[in-house]
Amino acid sequence: MSTISSESTEAETTTALSLYDEYAWREMVYHVTPETAEALATEKVTAYIGFDPTAASLHVGSLLPIMALARLQRFGHTPIALVGGGTGLIGDPSGKSKERPLLTREKMEENLAGIEGQLRRFLDFETAANPARMVNNLEWLGSISLLDFLRDVGKYFTVNYMLSKESVKRRIESEDGISYTEFTYMLLQAYDYLVLHDRYGCTLQMGGSDQWGNILAGADLIRRMRSEKAHGLVFPLVTNAAGTKFGKTESGTVWLDPGLTSPYRFYQFWLNTDDRDVVRYLKFFTWLTRPEIEELAAVTEAAPERREAQRRLAREVTRMVHGEAELARAEQASEVLFGGAMDALSPADILDIFEDVPSAELSRARFEGEGIGVIDLLVESGATASKGEARRLVRSGGAYVNNRRVADERARITLEDTIEGKAVVVRKGRKNYRLVLIR
RNA sequence: GGACAGGUACCGAAGUGGCCAACCGGGCUGGACUGUAAAUCCAGUGGCAUUCGCCUUCGGAGGUUCGAAUCCUCCCCUGUCCA
């Protein structure tokens, strides 16, 4: 999989700006502690972001913090990706309206492994100057004794302070309340920051806007225990113009793992970005420079129907996450799936392109002689739930076989209509495909 | 425990003995338009059947009737009020 390394040289030539200015221009700064900008402009900073092992893969929502770390590294600072092996066992109440079920240790181990693998693609762990680092807070949280923790960390926080945090306050006011376990979460995260500060000189923690309270708690802890400055910066919530949750589609979460979200779907997710969001997403999720993005913004303004910004966004992000080869496949598939003609395609191409489309198998005998009726084909491929629905579909002109509309509900599909006797592509409407394999 | 109100298709909501597979709105699915957009417009939206039509559905179970989502009995559930 591709990493950022191939492109990092050209970005360095444009680093007259400080990282903070870069973040600011990219609209990545939602809240920030005083003096952070100055620190980023005058020092080499070590910064960390935590990733929760709630699933075995990161999703596109995590791309903003990931890019923040990657950008930070390109500006010569040192990124630390922290995976929450310890805190993951507790559960972060931030942004959650009710208590979460605890993950089992086994499940969490599994999740950690997946997430670590993904993070490695975005950060450079080999460079001599400022290599990235990956840490797991289970390492220190797993072994600290409760008494030590209460004496060393707990003593620095008043309950009053903790109760005043938004994440806690909201839950206190809710009916279900908050467990002592989750209430403690903030202190654990504060302690993480302290540990990273002591071990690696980490002086900046970043995160999503829901992490603001936790981050401040950590900065406060460092200030009180070590009398040193620690900074915090949080990103805005990534929103979309449609008002739905970013990173979700009808078919669910858009994951970075190609096994969970195919590169084709991943590509399509970005390509379908609303005009109103696309410039912001280019800033958030790509390495394109300011002039490039401004150019794309102008094109979007003048000729939105060309969707150049969306195309570029989809290309850049898909390449970054899945690599050049997968990008090419995703583009080819998009062309066929939305372009029409598929006559020239070989069965191998078809299988490739329709890889993540639901498929069904029918015996060769069904296509021999008279062939199979369209209605039956629609039902048996799973395109429609009943024959009645299939009939209505054909009557309304929404049924296609191999991308050709079938207007007659009595039409029959024979071997001659199939793709070299190997497959048939059934389509319902504009983009609802089913692949029928012939055996 | 008592008094009302109510349970209709994915959701909301009409219907209060035959014209009800069930008005209407939303959602969803097609189509037109388009930029794989938004908005708009059109159609469809229980199953089977090429047609006639048949079958299953209105909280559940029985019953009355030629005929019920609609009437009766019992039961279950929900909301509001009283204890």
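As the structure is a computational prediction, the values presented were derived from the model and not from experiment.
No engagement by Arg276(A) is indicated, since no non-hydrogen atom pair under 4.0 Å with the nucleic acid exists. Residue contacts for Arg392(A): at a heavy-atom cut-off of 4.0 Å it reaches the sugar-phosphate backbone alone, with no base atom in range. Residue contacts for Gln310(A): at a heavy-atom cut-off of 4.0 Å it reaches a base atom on one of the strands shown. Within 4.0 Å of Phe269(A), counting heavy atoms only, lies no atom of the nucleic acid at all.
Atom CD in Glu308(A) sits roughly 12 Å away from atom C1' in rG35(B) (whole-Å rounding). Distance, Leu337(A) CG to rU36(B) P: 13 Å, rounded to whole Å. The separation between Arg427(A) atom CZ and rU36(B) atom P is 12 Å, rounded to whole Å. Summarising the geometry, the separation between CG on Asp275(A) and P on rA38(B) is reported as 10 Å, rounded to the nearest angstrom. Rounded to whole Å, the distance from CH2 on Trp270(A) to P on rA37(B) is 19 Å. What separates CG of Asp277(A) from P of rA37(B) is a distance of 16 Å, to the nearest Å. rU36(B) atom C1' lies 13 Å from atom CZ of Arg265(A), rounded to whole Å. rA39(B) atom P lies 18 Å from atom CD of Glu305(A), rounded to whole Å.
Pairing for rG1(B) goes to rC82(B), judged as Watson-Crick or G-U wobble with the two contacts each under 3.5 Å. Summarising the base pairing, rG25(B) is matched to rC11(B) through a Watson-Crick or G-U wobble pair whose two defining distances lie under 3.5 Å. rC41(B) is paired with rG31(B) under the criterion used here, namely a Watson-Crick or G-U wobble arrangement in which both key atom distances are under 3.5 Å. When both distances must be under 3.5 Å, the Watson-Crick or G-U wobble mate of rA61(B) is rU73(B). In this structure rC20(B) sits in no base pair that meets the Watson-Crick or G-U test at under 3.5 Å. The partner of rU50(B) cannot be assigned: no Watson-Crick or G-U wobble pair with both contacts below 3.5 Å exists in any strand.
A gap of 26 Å separates the C1' atoms of rG62(B) and rC54(B), to the nearest Å. Using C1' as the reference atom, rA37(B) and rA49(B) are 41 Å apart when rounded to the nearest Å. Nucleotides rC48(B) and rA43(B) are separated by 24 Å at their P atoms, to the nearest Å. As rounded to the nearest Å, rC74(B) and rG2(B) have P atoms that lie 14 Å from one another. Distance noted for atom P between rA13(B) and rG25(B): 16 Å (whole Å). Distance check on atom P: rC55(B) versus rA22(B) gives 16 Å, rounded to whole Å. With C1' as the reference atom, rC77(B) and rG59(B) are 7 Å apart, rounded to whole Å. Rounded to whole Å, the separation between the P atoms of rU51(B) and rG35(B) comes to 39 Å.
Of the inter-residue distances, the one linking Thr414(A) atom OG1 with Phe367(A) atom CZ reads 9.5 Å to the nearest 0.5 angstrom.
In the set rG30(B), rG31(B), rU36(B), the nucleotide with an atom closest to the side chain of Asn432(A) is rG30(B). Candidate nucleotides rG30(B), rU36(B), rC48(B) were compared by shortest atom distance to the side chain of Ser386(A), and rC48(B) ranks first. Side-chain proximity of Ser396(A) to the nucleotides rG30(B), rA32(B), rG35(B) is greatest for rG30(B).
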For residues 85-93 of chain A, tabulate all N or O donor-acceptor pairs below 3.5 Å that involve a side-chain atom, not counting sequence neighbours.
{"unit_1": "Thr87(A)", "atom_1": "OG1", "unit_2": "Asn137(A)", "atom_2": "ND2", "d": "2.8"}
{"unit_1": "Asp92(A)", "atom_1": "OD1", "unit_2": "Ser94(A)", "atom_2": "N", "d": "2.8"}
{"unit_1": "Asp92(A)", "atom_1": "OD1", "unit_2": "Ser94(A)", "atom_2": "OG", "d": "2.9"}
{"unit_1": "Asp92(A)", "atom_1": "OD2", "unit_2": "Gln211(A)", "atom_2": "NE2", "d": "2.9"}

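In this structure the side chain of Tyr48(A) never reaches within 4.5 angstrom of the side chain of Arg133(A), judged on heavy atoms. Looking at heavy atoms from C-beta onward, Arg280(A) lies in side-chain contact with Glu27(A) at the 4.5 angstrom threshold.
Taking 4.0 angstrom as the limit, Tyr400(A) places a side-chain polar atom (N or O) nearer than this to OP1 or OP2 of rG31(B). Distances shorter than 4.0 Å separate some side-chain N or O of Lys431(A) from OP1 or OP2 on rA37(B). Checking the phosphate oxygens (OP1, OP2) of rA49(B), a side-chain nitrogen or oxygen of Arg391(A) falls inside 4.0 Å. Checking the phosphate oxygens (OP1, OP2) of rG47(B), no side-chain nitrogen or oxygen of Lys387(A) falls inside 4.0 Å.
A donor and an acceptor atom sit less than 3.5 Å apart, one in the side chain of Gln268(A) and one in the base of rU36(B).
No close placement of the Phe285(A) and Phe235(A) rings is indicated, their centers lying 6.0 Å or farther apart. Between Tyr30(A) and Trp212(A), the gap from one ring centroid to the other reaches at least 6.0 Å. Between Tyr264(A) and Phe354(A), the ring centre distance reaches or exceeds 6.0 Å.
Looking at which nucleotide of RNA chain B each of Leu393(A) and Glu389(A) is closest to, the 5′-most match is held by Leu393(A). Where Gly429(A) and Leu271(A) each meet RNA chain B at their nearest nucleotide, the meeting point lying more 5' is that of Gly429(A).
When the shell of 6.0 Å around CD of Glu370(A) is examined, it contains 12 or fewer heavy atoms from other residues, nucleotides or ligands.
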